[in-house]
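For reference, the structure discussed in these notes is given below.
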Amino acid sequence: MAVAASGAPSTVTDAAPHLECSREARYETGGRKQIEGKEQVAKVALTKNEVGRNSRALEAEETRFNILEVATAEFADKGLSGARIDEIAERTNSSKRMIYYYFGGKEGLYRAVLERAYTAVREMDADDRRDHLDPDAALRDVVGATFDYHNQHPEFVRLVMNENILRGAHVGEIPGIKERNRKVIDHLRGIMARGVAGGQFREGIDPVELHMTISALCFYNVSNRYTFSYGFERDMSSPKALARRRMSVIDVIESWCRR
């Protein structure tokens, strides 16, 4: 067989292996592109599914939040026995069926309302930013923040009053409530310990008693606002009256704790 001087194949037979390689390379490239295309489609589909799931989760959370907002007002105003699921459903962006789906019924919804209310107030009570304050300033901040919270959230006061009418029948079923309460007491215990060590506070004050006294003074200003105002002809709700009472409560607690 003759071979060209350039070394190139001189027949079609000699060129065949090169053509086969070229076709295989094209097939391989095309196959890769096809696979990559399918993978891209799968990724897009997965992304859409994730977006869909996130959107549904967000919608569910918004629905649940809306129900709790309305239910909080209803239970605070009417108590557990007086509130009606039908009325709550009418005021929400949901339905009676969805209320039962999320909470299982009226008592389940009531407990969820209590849990949210107590969680919020305990987060305020145990704010760890006070750890960087002077003990005296930290104590004053606890009292002032508690007074402000009760005044800004009268629905919390009414919920607590209603639950006490029921003799605490449901509060014990709130998950983690005792642990959250312990954190509040530990927070106060830490403030008092720093104050005792620094010579600002006297020894022997029970942090549970301290918490109870702070709560009582702040709670009363909301729970007895209308009866006290009427009976003693004393304004208890104007900004001026609230500022005066707030300072009085802070001074009472601070004086009690000082050496």
Side-chain angles (χ1 to χ4, degrees), residues 46-130 141-142 144-184 187 211 214-215 218-219 221-223 225 237 242:
L46 183 60
T47 301
K48 287 182 177 179
N49 288 337
E50 289 176 349
V51 170
R53 283 195 298 271
N54 291 338
S55 178
R56 287 191 296 273
L58 180 60
E59 183 179 346
E61 188 61 30
E62 289 175 349
T63 299
R64 196 173 186 279
F65 176 83
N66 180 237
I67 293 171
L68 285 171
E69 284 283 289
V70 173
T72 295
E74 283 290 303
F75 287 127
D77 287 343
K78 302 173 183 176
L80 175 59
S81 60
R84 295 287 180 267
I85 290 291
D86 289 335
E87 293 177 8
I88 293 172
E90 286 178 6
R91 293 179 54 194
T92 65
N93 299 325
S94 184
S95 64
K96 184 176 178 179
R97 182 179 64 82
M98 292 305 294
I99 292 175
Y100 277 90
Y101 173 78
Y102 285 117
F103 303 101
K106 187 165 79 166
E107 289 194 356
L109 177 58
Y110 174 72
R111 286 192 292 271
V113 165
L114 277 183
E115 179 180 5
R116 191 175 76 141
Y118 271 101
T119 298
V121 74
R122 292 297 174 253
E123 287 176 353
M124 178 277 300
D125 285 337
D127 189 345
D128 59 10
R129 289 178 297 179
R130 299 186 186 107
D141 187 75
V142 169
T146 304
F147 185 93
D148 293 341
Y149 188 90
H150 283 72
N151 184 62
Q152 293 163 7
H153 297 276
E155 75 283 354
F156 171 72
V157 174
R158 292 196 294 271
L159 284 169
V160 173
M161 293 170 69
N162 280 314
E163 179 61 7
N164 276 283
I165 290 172
L166 299 173
R167 301 185 179 183
H170 299 274
V171 70
E173 298 181 42
I174 297 175
I177 188 168
K178 290 185 178 180
E179 177 60 27
R180 285 192 286 269
N181 289 346
R182 278 194 290 269
K183 287 182 180 179
V184 172
H187 183 63
H211 174 71
I214 294 170
S215 296
C218 296
F219 194 94
N221 202 67
V222 179
S223 65
R225 177 178 296 167
S237 58
L242 287 170

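All residue numbers refer to positions in the sequence shown, counting from 1.
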Rounded to the nearest 0.5 Å, what separation is found between the [atom1] atom of [X] and the [atom2] atom of [Y]?
X	Y	atom1	atom2	value
Ile67	Tyr101	CD1	OH	11.5 Å
Arg64	Arg116	CZ	CZ	9.0 Å
Ile99	Thr92	CD1	OG1	5.0 Å
Asp125	Ile214	CG	CD1	8.5 Å
Asn162	Lys78	CG	NZ	12.5 Å
Glu69	Glu74	CD	CD	13.0 Å

Has the side chain of [X] got a donor or acceptor atom that lies under 3.5 Å from a matching backbone atom of [Y]?
X	Y	answer
Arg84	Ser81	yes
Glu163	Ala169	yes
Asn66	Glu62	no

task = Identify whether the distance between the nearest side-chain nitrogen and carboxylate oxygen of Arg158 and Glu155 falls below 4.0 Å.
result =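 Salt bridge absent between Arg158 and Glu155.
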Test item: [X] and [Y] side chains (from C-beta on) under 4.5 Å apart, heavy atoms:
X	Y	value
Ile174	Thr119	no
His170	Leu114	yes
Tyr118	Leu159	no
Leu109	Phe75	yes

key: Minimal non-hydrogen separation, Leu242 against Ser237, with atom names   =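 Nearest heavy atoms, Leu242 then Ser237: CD1-O, 3.5 Å.
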inquiry  = Quick check on Lys183: does its NZ atom have over 12 non-hydrogen neighbours (other residues, nucleotides or ligands) under 6.0 Å away?
reply    =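 Check fails, neighbour count at 12 or below.
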side-chain contact (heavy atoms from CB on, under 4.5 Å) partners of Lys96, counting only residues at least two apart = Ile85, Asp86, Ala89, Tyr100
query = Listed by chain and number, what are the side-chain contact (heavy atoms from CB on, under 4.5 Å) partners of His150, not counting sequence neighbours?
reply =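 So His150 forms a side-chain contact (heavy atoms from CB on, under 4.5 Å) with Thr146, Phe156, Val157, Cys218, Phe219, Val222.
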task = Please step through salt bridge (Lys or Arg N to Asp or Glu O under 4.0 Å) for the pair Arg130 and Asp127, ending with a clear verdict.
result = CA-CA 6 Å; Arg130 299 186 186 107; Asp127 189 345; 5.0 Å; no
key: CA sep, side-chain torsions, deciding dist, call: Asn151, Arg225, side-chain hydrogen bond (donor to acceptor under 3.5 Å, both in side chains)   = CA-CA 10 Å; Asn151 184 62; Arg225 177 178 296 167; 2.8 Å; yes
key: salt bridge (Lys or Arg N to Asp or Glu O under 4.0 Å) between Glu123 and Arg180, intermediate numbers included   = CA-CA 8 Å; Glu123 287 176 353; Arg180 285 192 286 269; over 6 Å; no
Residue pair Tyr110, Leu166: steps toward the side-chain contact (heavy atoms from CB on, under 4.5 Å) verdict = CA-CA 12 Å; Tyr110 174 72; Leu166 299 173; 3.9 Å; yes
